[in-house]
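Step one of this worksheet: look at the structure below.
We use all heavy atoms of the structure for the numbers below, so side chains are in, but hydrogens, waters and symmetry mates are not. Atoms within each ligand, like the ligands themselves, are counted from 1 in listed order.
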Amino acid sequence: MSFTVPPPPLDIADHFPDLVPHARSTTLLYPRAGAPGRWESSLGGPLLWPADELWPTCAAPDHYNPARGRAVVGPDPVAMVSVVQLFAKDVPALTFPAGTDVLQVLWCPLIHSEYDQWSPVPALRWRSAVEAASGQLRGEAPKPYEFDDEYVPRPCVVHPTEAVEYPNWDLPDNLVERVGEWSDEVEETTGISYFDAFTTRQSKVGGYPGWTQAPRWPECVCGERMEHLLTISASESCGRWLPVEERTSPGSGWEVSDARQDNSHGMVMGDAGGIHVFVCRACPNWPTIHRYDC
Ligand SMILES: [Zn+2]
Ligand SMILES: [Zn+2]
């Protein structure tokens with residue numbers, strides 16, 4: 001079920017038309033603790049997984065659990081955990097490879113040095129729901145015998161909601177200063193800044209990566225800059241994007257106190273960090289790469 005996002009405090013086309021070409025559609029996921037089924041889109045929920053398909057594991061030689069004094073884990077492979085499952089019908093703006101309609105993201109809940117990211121490394125599966133269900137389905141997923149609980153999501157239902165957002169860290173150089181000044185004016189008149197009103201930093205599909213730090217867009221092996229596929233963010237506190245359905249008091253949202261963090265996936269991911277997954281749809285098999293920032 002989608003949520004209803006309150007309208008922004010003002011129309012950007014009327015007030016700052018130079019930003020209009022930088023608008024991007026995004027699908028905000030709004031993960032909320034619950035008991036999703038394997039036939040549902042979810043964050044940290046059970047995956048639609050054929051019984052005869054091996055569950056992915058990780059035996060990276062250097063992965064470690066910081067909660068245990070950075071001791072390297074192993075050598076037995078660690079079962080990956082389910083992070084996201086999205087059915088195409090729930091995220092109409094997301095392009096799937098031909099013949100597939102389910103995107104699944106898993107990761108090994110330990111810290112890896114791959115790409116110097118010091119984070120879990122997302123593993124993606126694009127599959128056909130009908131094909132997956134043509135045989136037996138897996139019951140319980142195996143549990144990792146070692147994990148960093150900052151990267152193990154509590155099972156959540158999701159409420160994929162289409163929204164339009166504008167760049168934060170990804171503002172073009174020639175607009176940074178003007179938008180900064182305008183943001184202060186907006187805050188004086190509406191009580192909320194441009195950044196809080198028009199940019200998002202919560203789990204989402206498409207749109208701008210929910211950067212915490214300066215952008216580090218990856219380049220594909222083909223030389224193209226990769227596209228932002230999705231962000232899994234520690235921050236689900238929404239601010240002005242807090243949906244109408246969850247508001248207990250009126251207001252622009254920024255001042256609406258909420259405890260969404262407690263009611264979401266519970267992953268701290270470093271310090272309010274996020275993992276951003278990028279894809280190149282120009283290359284065969286759609287290679288992906290991730291960026292971790294916090
Ligand atoms: Zn690992
Ligand atoms: Zn490429």
Side-chain angles (χ1 to χ4, degrees), residues 24 43-44 46-47 49 53-85 93-100 103-126 138 140-154 170 205-209 215-232 234 265-270 273-294:
R24 281 196 188 174
L43 199 157
L47 302 182
W49 201 274
E53 185 177 319
L54 282 180
W55 189 260
T57 59
C58 172
D62 64 345
H63 62 185
Y64 66 89
N65 184 354
R68 290 196 205 278
R70 301 172 67 98
V72 171
V73 173
D76 295 335
V78 174
M80 293 194 184
V81 298
S82 155
V83 179
V84 171
Q85 173 166 275
L94 177 62
T95 307
F96 282 71
T100 73
L103 168 60
Q104 298 168 329
V105 181
L106 307 91
W107 61 45
C108 165
L110 293 167
I111 303 302
H112 305 77
S113 63
E114 195 171 340
Y115 317 117
D116 292 332
Q117 298 287 311
W118 311 104
S119 73
V121 179
L124 275 66
R125 295 286 187 282
W126 303 91
R138 175 179 274 282
E140 283 271 288
K143 300 255 187 297
Y145 68 90
E146 181 72 71
F147 56 88
D148 176 352
D149 60 10
E150 290 194 9
Y151 296 100
V152 179
R154 179 189 297 159
D170 284 305
V205 178
Y208 288 95
R216 289 175 297 131
W217 284 86
E219 203 174 84
C220 183
V221 286
C222 70
E224 293 294 316
R225 191 170 91 161
M226 297 175 101
E227 293 170 60
H228 174 237
L229 179 65
L230 56 88
T231 282
I232 305 301
H265 52 68
M267 291 189 288
V268 179
M269 308 178 78
I275 290 182
H276 320 296
V277 180
F278 299 83
V279 65
C280 177
R281 290 185 170 95
C283 280
N285 302 321
W286 293 16
T288 58
I289 199 167
H290 79 290
R291 288 285 185 263
Y292 165 68
D293 75 335
C294 79

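Ring geometry for Trp107 against Tyr151 counts as perpendicular: the plane angle is over 60°, on a 0 to 90° scale with 30° as the lower cut.
A salt bridge links Glu146 and Arg68; the closest N-O separation between the charged side-chain nitrogens and carboxylate oxygens is under 4.0 Å.
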TODO: Verify side-chain hydrogen bond (donor to acceptor under 3.5 Å, both in side chains) between Asp293 and His276, making sure each step is shown before the conclusion.
DONE: CA-CA 8 Å; Asp293 75 335; His276 320 296; 2.8 Å; yes
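Between the side chain of His265 and the backbone N or O of Met267, at least one donor-acceptor pair lies under 3.5 Å. At distances below 3.5 Å, not a single donor-acceptor pair connects side-chain atoms of His290 with backbone N or O atoms of Thr288. At least one donor-acceptor pair under 3.5 Å links the side chain of Trp55 to the backbone N or O of Met80.
By the 4.5 Å heavy-atom criterion applied to side chains, Leu124 and Leu103 are counted as neighbours.
With sequence neighbours left out, Arg281 forms a salt bridge (charged side-chain N to carboxylate O under 4.0 Å, His left out) with Glu227. Checked against ring pair (Phe, Tyr, Trp, His ring centres under 6.0 Å), Phe96 has the following partners two or more places apart in sequence or in another chain: Trp126.
Neighbours of the Zn ion (ligand 2) restricted to protein N, O or S atoms under 2.8 Å: the count is 4.
For the Zn ion (ligand 1), the neighbouring protein N/O/S atoms at less than 2.8 Å, given as residue and atom, are Cys58 SG, His63 ND1, Cys108 SG, His112 NE2.
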